[in-house]
Every structure is written in C-alpha cells, then in structure tokens.
Amino acid sequence: MEHSQWEGKTEGTTWMHRTLIRSFRYLNLRFVYAGMAVFVVPFYMLFSHQGYISMYHFFRQRMGYSPMKAFRYVYLNHCKFGQIILDRFAVYAGKHFDFEIENYDLFLDLSHQQGGFMILSCHVGNYEIAGYAFKAKEKRYNALVFSGEADTVMENRNRLLSKNNIRMIPVKEDMSHLYLMNNALSDGEILSIPGDRIFGSPRSVMCDFFGSKAKFPLGPYAVAMSHEVPVLGIFVMKESAYRYHVYIRPLSTSQFPQGTSRKEKAALLAQQYAHEMEEIVRKYPTQWFNYYEFWNNNEI
C-alpha cells in the first residue's frame with residue numbers, strides 16, 4: 001500500500017464533532033479518556049483490521065515484542081491515538097495544555113534571521129496541537145495539510161491557527177500548493193511539511209528505518225535543498241493528560257561530501273530525518289499513528 005492511500009481523516013459527523021466540543025466545556029478530559037478506552041477502542045479495533053494488523057506487525061517485527069505484548073501495545077496505541085484526537089477537540093472548546101520545549105532556542109534563532117526555514121513533521125505524537133498554543137511572532141508559519149479533513153476540524157483549525165499567524169496550505173490535485181510553498185520560502189517565511197507521507201508526487205527515497213528499507217517522500221527534502229534553507233524536525237509528544245514534551249531536532253543541510261548532487265543531498269537529508277523519527281518512536285512506541293504497512297509487504 002502506498003503512503004498516500006492512508007489519509008487519516010477524522011471520523012464522525014459534523015453534529016458529533018460539535019457535540020463533543022460543547023461537552024468538553026464541562027467534562028474532565030480524563031473522564032472522557034476512560035470512556036473511550038473502555039467502550040470505543042475495543043469496538044474500533046474489532047472492526048478496523050487494517051490499522052490493527054499493521055500496528056501489530058510493527059510491534060512484533062520491528063520492536064521485537066511477544067504476541068501478547070504486541071497485542072497490548074496495539075490497544076495502548078489506539079488509546080493514545082484517541083487521546084490525541086480528543087485533545088484537539090478539547091482545544092477547540094477552550095482547554096489548555098502545558099508544553100515543555102527542548103531546544104526552543106534553535107527555533108527562535110531561525111525565526112529572527114532574515115531567510116526562511118523548513119520544519120518537518122510526521123504522524124507521531126500531536127504536532128498539530130502546538131500550533132494552537134504558540135504564536136508565530138517573527139515570521140508567518142505556513143503548514144501543508146490534507147485538504148479532505150472534516151469540515152468541523154477545518155473550521156476550527158482556521159479559527160485558531162489564523163490568530164497565531166499560521167496559514168494552512170491544503171494539498172490540491174492541481175498542485176497549486178507547490179506555488180504557495182515555494183513562495184513562502186522565497187519570502188523568508190516558515191514552511192511546515194510532513195516528512196513521512198507521499199502527497200501527490202510519486203517521488204520517493206528508500207531510507208534505513210527500524211532495521212530495514214522504508215519509503216519516504218523525496219519532495220520535502222528536495223524543496224529544502226532547492227531553496228538551501230535550514231531544516232528542523234519537530235516532534236510533539238504526549239506525556240500526561242494535560243502535558244506535552246516538544247523535541248526540536250536540527251538537520252544538517254551543509255555537511256555533505258564535495259560533488260554530491262542536489263538529489264543525493266535530499267536523500268541524505270531524508271535519511272537524517274528517518275533516524276530522528278526512529279529515535280522518537282522508540283522512546284514513545286505507542287505514539288506512532290501508522291495504520292498501513294509502512295514497509296514492503298513481503299518483509300512482514
């Protein structure tokens with residue numbers, strides 16, 4: 001299965017989403033977590049075999065867990081994913097979370113410089129929630145997003161992110177998002193792109209990831225090398241009900257062997273990010289929300 005086939009759209013109707021937002025104004029977040037873990041997650045695991053099986057394979061083959069431990073971690077992964085989704089709706093309702101930020105000075109230094117820079121995210125932790133908590137003061141923040149999300153989610157994203165000087169760039173079939181992305185970097189702004197999903201373009205690169213080769217998109221890394229901008233990897237990991245830990249990791253865009261082509265540089269940059277991503281996933285194994293076979297099926 002290609003990466004682009006798993007879109008990650010928030011499930012549920014508009015009425016359900018709005019009811020959930022209203023409920024969060026009165027309910028304790030931990031109480032909602034408990035109800036989800038007891039009633040929703042077992043039902044979802046029972047009828048969503050694709051997500052269940054792919055995560056089970058990950059814990060068995062890549063993490064080396066026993067069958068029982070792998071099954072338990074699949075359940076914990078689904079619980080954590082549910083918490084991540086609920087946290088987003090909790091923010092829509094006005095709730096606040098605490099953030100501990102590692103290497104924040106790297107982000108601030110680049111924000112005060114004249115040129116633009118890139119941030120790579122992935123489907124690990126809750127990257128989106130940081131955008132609701134921090135304002136882009138020095139530079140406009142441009143985030144590439146999946147355009148097929150639920151209306152309620154997109155409306156609330158726009159409402160909250162626009163207040164923080166963050167602009168969403170939806171991925172379009174006509175590829176018009178590429179024009180906005182390039183303009184953002186040319187104008188000295190911040191561009192945020194997922195570094196683990198292939199959006200539209202078939203270009204990819206094979207990276208060492210959990211002891212085997214896995215396909216990563218080449219596009220984000222090619223953009224970085226084309227504009228010759230600094231690149232940060234940011235991971236926003238859930239630590240407790242109301243607390244997140246933000247890891248900011250710099251990627252090297254200059255220390256390449258002499259004569260390395262731009263495409264080769266992009267591939268090396270992708271490998272750097274795959275290494276950083278693997279390190280975070282090993283630290284937080286239940287917070288990688290990857291519900292398809294990330295590696296070649298015949299290796300599983």
Side-chain angles (χ1 to χ4, degrees), residues 1-11 14 17 88 92 110-111 114-124 126-132 134-205 215-234 236 251 253 262-263 265-267 269-270 273 289 292:
M1 176 176 287
E2 292 291 338
H3 294 207
S4 58
Q5 289 180 266
W6 187 80
E7 297 175 334
K9 180 178 179 180
T10 304
E11 296 184 7
T14 299
H17 294 163
R88 294 173 184 172
Y92 300 159
L110 291 176
S111 296
Q114 185 175 0
F117 65 96
M118 277 181 56
I119 289 175
L120 295 173
S121 65
C122 59
H123 293 70
V124 175
N126 194 359
Y127 175 72
E128 180 180 328
I129 202 169
Y132 303 138
F134 302 103
K135 185 176 180 65
K137 297 179 181 179
E138 307 298 332
K139 300 176 183 289
R140 182 164 67 171
Y141 197 110
N142 301 269
L144 190 70
V145 298
F146 170 56
S147 60
E149 255 293 9
D151 291 341
T152 311
V153 173
M154 294 300 289
E155 289 170 6
N156 281 280
R157 277 179 176 174
N158 274 317
R159 175 175 61 86
L160 295 174
L161 295 179
S162 61
K163 295 178 181 178
N164 291 347
N165 197 26
I166 299 175
R167 177 180 67 166
M168 290 190 297
I169 301 179
V171 176
K172 299 288 185 65
E173 289 186 3
D174 62 6
M175 307 301 282
S176 59
H177 56 280
L178 297 178
Y179 176 79
L180 296 175
M181 290 163 50
N182 286 309
N183 276 358
L185 290 177
S186 297
D187 293 341
E189 298 178 349
I190 305 168
L191 176 63
S192 172
I193 307 180
D196 65 333
R197 291 288 194 269
I198 297 174
F199 287 106
S201 172
R203 296 191 303 165
S204 62
V205 57
K215 187 181 293 185
F216 280 74
L218 184 62
Y221 310 98
V223 170
M225 300 315 306
S226 175
H227 287 268
E228 298 183 341
V229 295
V231 180
L232 298 177
I234 295 186
V236 184
L251 302 182
T253 58
R262 183 177 294 175
K263 184 176 181 180
K265 290 178 180 179
L269 190 63
Y273 187 70
F289 308 119
Y292 65 91

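Just so you know, these numbers come straight off a predicted model, no measurement behind them.
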Assess whether atom NZ of K263 is packed by more than 12 heavy atoms of other residues, nucleotides or ligands within 6.0 Å. no

Begin with the C-alpha distance, continue with both residues' side-chain angles, and end with the deciding distance and a verdict on side chain to side chain contact (heavy atoms under 4.5 Å, CB included) for S192 and Y127. CA-CA 11 Å; S192 172; Y127 175 72; 2.6 Å; yes

Side chain to side chain contact (heavy atoms under 4.5 Å, CB included), that's the test. Do L251 and Y273 meet it? Break it down for me. CA-CA 7 Å; L251 302 182; Y273 187 70; 4.0 Å; yes

Inspect the surroundings of CZ in R159 and state if more than 12 heavy atoms from other residues, nucleotides or ligands are less than 6.0 Å away. yes

Write down the atom of S111, the atom of E138, and the distance for their closest heavy-atom approach. O-CB, 3.3 Å

Working to the nearest 0.5 angstrom, can you tell me the gap between K135 NZ and L161 CG? 11.0 Å

As a test of understanding, state which of N156, I166, L160 forms a side chain to side chain contact (heavy atoms under 4.5 Å, CB included) with Y132. L160

In plain terms, say whether K139 and E189 are close enough for a salt bridge, that is, a side-chain N and a carboxylate O under 4.0 Å apart. no

Result for side chain to side chain contact (heavy atoms under 4.5 Å, CB included) between H227 and one of T253, L185, L191 points to L185

Determine, stepwise, if the pair N142 / I190 fulfils side chain to side chain contact (heavy atoms under 4.5 Å, CB included). CA-CA 6 Å; N142 301 269; I190 305 168; 5.5 Å; no

Does a donor on one side chain and an acceptor on the other come within less than 3.5 Å for R140 and N165? no

Worked check of side chain to side chain contact (heavy atoms under 4.5 Å, CB included) between V223 and M181: CA-CA 9 Å; V223 170; M181 290 163 50; 4.3 Å; yes

dist M225:CE -> E228:CD (nearest 0.5 Å) comes out at 6.5 Å

Rounded to the nearest 0.5 Å, how far apart are CG of L144 and CD1 of I119? 13.0 Å

